[in-house]
Amino acid sequence: MKRSYIPVAFLLAVLMLNIIFTQYMVHQYFYENYTNTIIAAVINVILFPVAILIYKKGVKVND
């Protein structure tokens, strides 16, 4: 059975966004921009279930 790599690419993109927003959150916290810190944290919380959905729908198809 041929495996599709498109869901894996989307999953990698979402996880890369998670890393970027986490780094941005730490940077903003260091410079005491707390509003931007909270916004980056909320985006991280939203991205995590998106990654789980992509994993369940795309990557784990061959069970």
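FYI, the numbering just counts along the sequence from 1.
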Asker: For Y29, enumerate each residue passing the ring pair (Phe, Tyr, Trp, His ring centres under 6.0 Å) test, keeping only those at least two apart in sequence or located in another chain.
Answerer: Y34

Asker: So which heavy atom on L15 is nearest to which on A51, and how close?
Answerer: CD2-CB, 4.3 Å

Asker: Going hydrophobic residue to hydrophobic residue with side-chain gaps under 4.5 angstrom, can you get from L17 over to I6?
Answerer: yes

Asker: Kindly indicate whether the side chain of V8, heavy atoms from C-beta on, has any atom under 4.5 Å from the side chain of L11.
Answerer: no

Asker: Could you state the interatomic distance from CD (Q23) to CE (M25), rounded to the nearest 0.5 Å?
Answerer: 9.5 Å

Asker: How close do Y24 and A40 get, counting heavy atoms only, and between which atoms?
Answerer: CD2-CB, 3.8 Å

Asker: Indicate if V50 and I43 have the same hydrophobic cluster label, given that clusters are the connected sets of ILVMFWY residues with side-chain heavy-atom separations under 4.5 angstrom.
Answerer: yes

Asker: Establish whether I38 and Y31 are linked, either directly or via other cluster members, by ILVMFWY side-chain heavy-atom contacts under 4.5 Å.
Answerer: no

Asker: Indicate if L47 and L53 have the same hydrophobic cluster label, given that clusters are the connected sets of ILVMFWY residues with side-chain heavy-atom separations under 4.5 angstrom.
Answerer: no

